Amino acid sequence: MKVSLCVVAYNEEERLPALLQDIAGQTYPKEKIEVLLIDGGSEDGTKQQMEQFAGEHREEYNGIQVLDNPGKILSCGWNVALVHFTGDAILRVDAHSHIPADFVEKNVENLQTGEMVSGGARPVVCEKEDGWSKTLLLAEESLFGSSISSFRRQEERAYVTSLFHGAYRREVFEEVGGFREDLGRTEDNEMHYRIRQKGYRLCMSPDIRSYQYIRPTLKKMCRQKYGNGYWIGLTAGVCPGCLSLYYFVPWAFVGGIALTTIAALFGLYWPALLMWGAYLLLAVVMAVCSVRGEKKSLFQLLLPVLFFLLHISYGVGTWIGLVKMPFWRRTHRTCPSVERVKEQMKHG
């Protein structure tokens with residue numbers, strides 16, 4: 001099976017070299033791998049690194065393409081890959097990631113059992129080993145601080161609703177079409193929803209594993225959570241079926257803060273006391289669970305605060321997205337890129 005391994009990147013010169021080394025070290029035969037490196041108009045050395053990799057390794061692979069992504073965002077980049085890949089299957093990898101040497105091989109083995117879409121667990125890791133970075137990692141990987149998405153921690157073979165680093169047979173996208181280029185953070189949710197609607201199943205194998213690096217600072221982490229929440233709010237207007245209820249828990253939390261605060265201003269204090277008391281208790285309990293078995297650090301005392309900041313960032317983003325959604329939906333009920341990519345794949 002010929003596999004097209006795709007990486008979309010924008011200003012990733014710090015992380016990309018390590019990922020390119022991961023690609024070069026794959027155990028699957030290189031003559032059966034096509035590499036697609038797609039740059040979104042980076043302002044650093046990202047594209048130069050891609051071109052250097054292509055120049056040094058072109059003879060080893062079944063093709064290396066360095067392509068431009070004029071749309072800059074991931075969904076546009078994935079569509080560039082769909083139009084240009086020549087393999088029997090395409091395997092998507094985020095630029096801010098690490099893949100083990102057997103990553104491609106294990107995905108191919110899963111596809112060769114008859115599966116049409118393959119993937120595995122994707123735990124998060126931190127780039128640095130200092131106490132603060134490890135505390136940020138604890139907040140991110142906690143069920144309370146992040147999410148219950150199966151791709152983060154699934155340990156058994158199962159059929160799931162979404163995957164992160166997925167491998168897809170060509171036939172899947174030929175039938176389903178391309179990614180919606182008007183979605184900024186939820187393109188995977190919407191795409192996987194359409195894939196499931198067509199009757200395909202997303203198979204997660206315990207033998208497959210890849211790793212995603214967390215944002216290295218609290219500011220960047222909160223900004224990421226805000227953006228995730230914002231796009232959840234907008235996506236609710238065009239594809240509510242692709243979103244699970246747990247995506248809206250931070251939204252409900254922020255709403256609860258606003259309502260109980262207003263009630264307290266009018267002399268009704270018990271709802272606020274009840275809500276804040278329950279939240280504080282749960283945050284402390286989850287913080288204790290998160291540090292169990294970990295080397296202790298004073299930074300870990302801040303975990304309840306980190307949980308709160310992540311929830312607020314995500315919830316505020318969702319509220320703003322939902323407020324803007326009715327106006328945004330007027331011009332985004334459908335997206336032409338879905339059918340455009342399908343036609344381009346059909347005609348080659």
Side-chain angles (χ1 to χ4, degrees), residues 1-9 12 16 19-40 46-47 49-51 53-69 71 74-95 97-113 115-120 122 163-179 187-188 191-192 195 200 202-203 205 208 210 337 340-348:
M1 175 183 287
K2 179 180 177 181
V3 179
S4 297
L5 180 59
C6 167
V7 177
V8 177
E12 290 285 358
L16 187 61
L19 179 59
L20 293 176
Q21 288 183 3
D22 291 342
I23 293 173
Q26 291 298 299
T27 57
Y28 194 67
K30 288 184 172 62
E31 62 270 18
K32 296 183 179 181
I33 298 177
E34 174 187 46
V35 180
L36 281 79
L37 303 173
I38 301 170
D39 176 64
T46 297
K47 188 171 184 180
Q49 291 171 350
M50 292 177 173
E51 291 173 338
F53 180 86
E56 294 175 353
H57 298 275
R58 194 176 302 277
E59 298 302 319
E60 303 172 30
Y61 290 92
N62 195 325
I64 300 181
Q65 301 185 55
V66 178
L67 304 167
D68 292 318
N69 172 24
L74 285 174
S75 54
C76 297
W78 301 137
N79 280 343
V80 172
L82 291 180
V83 171
H84 288 88
F85 89 100
T86 63
D88 302 304
I90 184 168
L91 208 171
R92 298 172 46 220
V93 178
D94 187 86
S97 305
H98 161 61
I99 55 174
D102 62 357
F103 181 68
V104 175
E105 181 180 356
K106 292 298 184 182
N107 271 286
V108 170
E109 289 177 357
N110 201 27
L111 291 176
Q112 287 180 332
T113 65
E115 302 296 344
M116 300 298 288
V117 182
S118 168
R122 191 229 66 189
L163 293 167
F164 196 76
H165 293 142
Y168 310 78
R169 288 185 179 269
R170 172 177 288 275
E171 300 95 298
V172 174
F173 288 116
E174 287 179 337
E175 181 174 1
V176 175
F179 287 84
E187 74 278 356
D188 280 348
M191 171 59 77
H192 290 145
I195 288 175
Y200 296 109
L202 285 61
C203 180
S205 169
I208 301 171
S210 59
S337 62
R340 186 195 74 229
V341 170
K342 183 189 291 188
E343 288 301 311
Q344 289 175 318
M345 291 185 70
K346 184 185 300 183
H347 296 102

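Here the structure is a predicted model, which means the values were calculated and not measured.
- Between the side chain of Thr46 and the backbone N or O of Glu12, at least one donor-acceptor pair lies under 3.5 Å.
- No more than 12 heavy atoms of other residues, nucleotides or ligands lie within 6.0 Å of CD in Glu59, so this atom counts as exposed by the packing criterion.
- Proximity of Ile23 to Tyr61: side-chain heavy atoms (C-beta onward) are separated by under 4.5 Å at one or more points.
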query: Between Thr27 and Glu105, is a side-chain hydrogen bond (donor to acceptor under 3.5 Å, both in side chains) present by the stated rule, with each step listed?
result: CA-CA 7 Å; Thr27 57; Glu105 181 180 356; 2.4 Å; yes
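- Of the possible polar contacts, none joining the Ser4 side chain to the Phe85 backbone as a donor-acceptor pair under 3.5 Å is found.
- Without hydrogens or angle criteria, Asn79 side chain to Phe179 main chain gives a donor-acceptor distance under 3.5 Å.
- At least one side-chain heavy atom of Met1 sits less than 4.5 Å from a side-chain heavy atom of Tyr28.
- Put simply, the side chain of His192 gets close to the backbone of Asp188: a donor and an acceptor are under 3.5 Å apart.
- Asn69 places no side-chain N or O within 3.5 Å of a backbone atom of Ile38 that could act as its donor or acceptor partner.
- For Lys47 and Asp68, the salt-bridge test passes: some basic side-chain N is under 4.0 Å from an acidic carboxylate O.
- Lys2 places no side-chain N or O within 3.5 Å of a backbone atom of Glu34 that could act as its donor or acceptor partner.
- Panel note: side chain Arg169, backbone Ile90; no donor-acceptor pair is recorded below 3.5 Å.
- For the residue pair Glu187 / Ser75, no side-chain donor-acceptor distance below 3.5 Å is found, with atom types taken as modelled.
- Classification of Arg340 and Glu343 as a salt-bridged pair fails, no side-chain N sitting under 4.0 Å from a carboxylate O.
- The NZ atom of Lys342 lies 12.0 Å from the OG atom of Ser337; values are rounded to the nearest 0.5 Å.
- Side-chain atoms of Gln26 come within 3.5 Å of backbone atoms of Phe103 as a donor-acceptor pair (strictly under, hydrogens ignored).
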task: Evaluate the side-chain hydrogen bond (donor to acceptor under 3.5 Å, both in side chains) criterion for residues Asp22 and His98: first the C-alpha distance (whole Å), next the side-chain angles of each, then the deciding distance (0.1 Å), finally the verdict.
output: CA-CA 7 Å; Asp22 291 342; His98 161 61; 2.8 Å; yes
Worked check of side-chain hydrogen bond (donor to acceptor under 3.5 Å, both in side chains) between Ser205 and Asn110: CA-CA 7 Å; Ser205 169; Asn110 201 27; 4.7 Å; no
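- In this structure, the side chain of His165 engages the main chain of Asp94 through a donor-acceptor pair within 3.5 Å.
- Of the listed residues (Val7, Ile64, Val66), just one forms a side chain to side chain contact (heavy atoms under 4.5 Å, CB included) with Val35, and that residue is Ile64.
- Taking the centre and axis of the six-membered ring of Tyr168, the NZ or CZ atom of Arg92 falls outside the cone set by 45° and 6.0 Å.
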